[in-house]
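Note that this is a predicted model, so its numbers are computed, not measured.
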Amino acid sequence: MSLLKPFSKLPALNTANILLVESEEQFQQSLADALVKETGVTVNVRLAKSLPLPMENEESRPRIDLVVFIINLASELSLKSAEASLKYLDPGYFLGKVCFLATNARNASVPTERLDAVRKLAALLHCPLLFAEDQTPDGVANATERLLTILKVAAGLVPMATALYLSSLTQCTVPPDIDQPSFD
């Protein structure tokens with residue numbers, strides 16, 4: 001079990017590789033199916049329940065351009081799994097090659113503390129935090145479009161743009177009063 005490193009392999013021409021990490025695999029497969037339909041560039045999608053990735057196929061595994069942690073806000077296990085997986089990423093990934101995708105944010109039963117924890121995690125790691133609706137085809141299409149934009153930049157397929165630059169523009173920020181009690 002070793003760290004996943006962003007620059008340990010050479011990139012393939014006109015190809016982008018994305019790793020979707022979700023412990024419950026509810027949204028992962030529909031998002032993967034939508035991502036591979038991209039026609040402008042070859043998108044390879046890898047799926048994982050958690051990190052670290054197994055060692056047996058490490059030499060045949062392509063370079064991973066973007067790691068996406070899908071967090072179901074209705075599940076505490078999903079958040080804990082994402083937090084535990086972060087330690088298996090090389091620090092170089094946090095220079096614009098990691099993002100968080102939260103689902104079920106509109107669900108009334110989701111505790112606000114869990115949403116705040118995800119926001120703090122993304123802000124602490126200077127990573128983008130995207131929200132997606134996983135129950136509708138339009139929600140999947142919107143999430144796919146946003147991820148493809150980030151993926152193309154992270155893979156170096158967009159001229160004059162780098163993953164670090166995009167990350168600095170899209171990173172999650174936490175308001176200073178997030179720990180203060182609300183007066184609802």
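For residues 97-114, the pairs satisfying salt bridge (charged side-chain N to carboxylate O under 4.0 Å, His left out) are Glu76-Arg114, with sequence neighbours left out. Identified under the salt bridge (charged side-chain N to carboxylate O under 4.0 Å, His left out) test for residues 131-149, with sequence neighbours left out: none. Every pair tested for ring pair (Phe, Tyr, Trp, His ring centres under 6.0 Å) that includes a residue from residues 130-159 fails, sequence neighbours excluded, so the list is empty. A ring pair (Phe, Tyr, Trp, His ring centres under 6.0 Å) check over residues 53-83, counting only residues at least two apart or in different chains, returns the pairs Phe69-Phe100. Listed by first then second residue, pairs satisfying salt bridge (charged side-chain N to carboxylate O under 4.0 Å, His left out) with a partner in residues 148-159 read Glu38-Lys152, not counting sequence neighbours.
Considering Asp90, Leu95, Val98, Ile64 as possible partners of Pro6, the one that fulfils the side-chain contact (heavy atoms from CB on, under 4.5 Å) test is Asp90. For the side-chain hydrogen bond (donor to acceptor under 3.5 Å, both in side chains) with Ser75, the qualifying choice from Glu24, Gln26, Lys80 is Glu24, the only one to do so.
The hydrophobic clustering, which links ILVMFWY residues whose side-chain heavy atoms are closer than 4.5 Å, places Leu101 and Leu125 apart. One hydrophobic cluster holds both Ile18 and Val158 under the rule that ILVMFWY side chains link at heavy-atom gaps under 4.5 Å. Linking Ile, Leu, Val, Met, Phe, Trp and Tyr residues whenever their side-chain heavy atoms come within less than 4.5 Å places Leu19 and Ile71 in a single cluster. If you chain together hydrophobic residues whose side chains sit under 4.5 Å apart, Val153 and Val41 fall into the same group. Residues Leu47 and Leu51 fall into different hydrophobic clusters, defined by Ile, Leu, Val, Met, Phe, Trp and Tyr side chains chained together at heavy-atom separations under 4.5 Å.
Not counting sequence neighbours, the partners of Val140 by the side-chain contact (heavy atoms from CB on, under 4.5 Å) test are Phe27, Ser30, Ala34, Thr144. A search for side-chain hydrogen bond (donor to acceptor under 3.5 Å, both in side chains) contacts involving Arg61 returns Asn57, not counting sequence neighbours. The side-chain contact (heavy atoms from CB on, under 4.5 Å) search around Ala16 returns Asp65, Leu151, Ala155, Leu157, not counting sequence neighbours. Ser8 is linked by a side-chain contact (heavy atoms from CB on, under 4.5 Å) to Lys5, counting only residues two or more places apart in sequence or in another chain. For Asn14, there are no side-chain hydrogen bond (donor to acceptor under 3.5 Å, both in side chains) partners at least two apart in sequence or on another chain. Every residue two or more places apart in sequence or in another chain that forms a side-chain hydrogen bond (donor to acceptor under 3.5 Å, both in side chains) with Asn107 is listed here: Ser109. In this structure, the side-chain hydrogen bond (donor to acceptor under 3.5 Å, both in side chains) partners of Asp33, at least two apart in sequence or on a different chain, are Gln29.
Closest heavy-atom contact between Gly96 and Leu66: O-CD1, 4.5 Å. Contact record, Leu53 with Ala48: CD2-CB, 3.8 Å, taken as the closest heavy-atom pair. The two residues Asn104 and Leu73 make their nearest non-hydrogen contact at O-CB, 4.2 Å. Taking each heavy atom of Ala154 and Ala163 in turn, the nearest pair found is CA-CB, 3.8 Å.
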*asked:* Determine whether Val43 and Leu148 satisfy the following criterion, side chain to side chain contact (heavy atoms under 4.5 Å, CB included), listing intermediate values before the conclusion.
replied: CA-CA 9 Å; Val43 177; Leu148 279 172; 3.9 Å; yes
*Between Val68 and Leu130, is a side chain to side chain contact (heavy atoms under 4.5 Å, CB included) present by the stated rule, with each step listed?*
CA-CA 10 Å; Val68 179; Leu130 306 175; over 6 Å; no
_Ile70 vs Leu31, test: side chain to side chain contact (heavy atoms under 4.5 Å, CB included). Steps then yes/no._
CA-CA 10 Å; Ile70 302 170; Leu31 190 59; 4.1 Å; yes
*Mind running side chain to side chain contact (heavy atoms under 4.5 Å, CB included) on Ser23 and Asn72 for me, showing each step along the way?*
CA-CA 9 Å; Ser23 64; Asn72 181 356; over 6 Å; no
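Gln28 contributes a side-chain N or O that, together with a main-chain N or O of Leu20, makes up a donor-acceptor pair within less than 3.5 Å. Put simply, the side chain of Thr42 never gets that close to the backbone of Thr15: no donor and acceptor are under 3.5 Å apart.
Taken from CG in Leu121 to SG in Cys127, the straight-line distance is 8.0 Å, to the nearest 0.5 Å.
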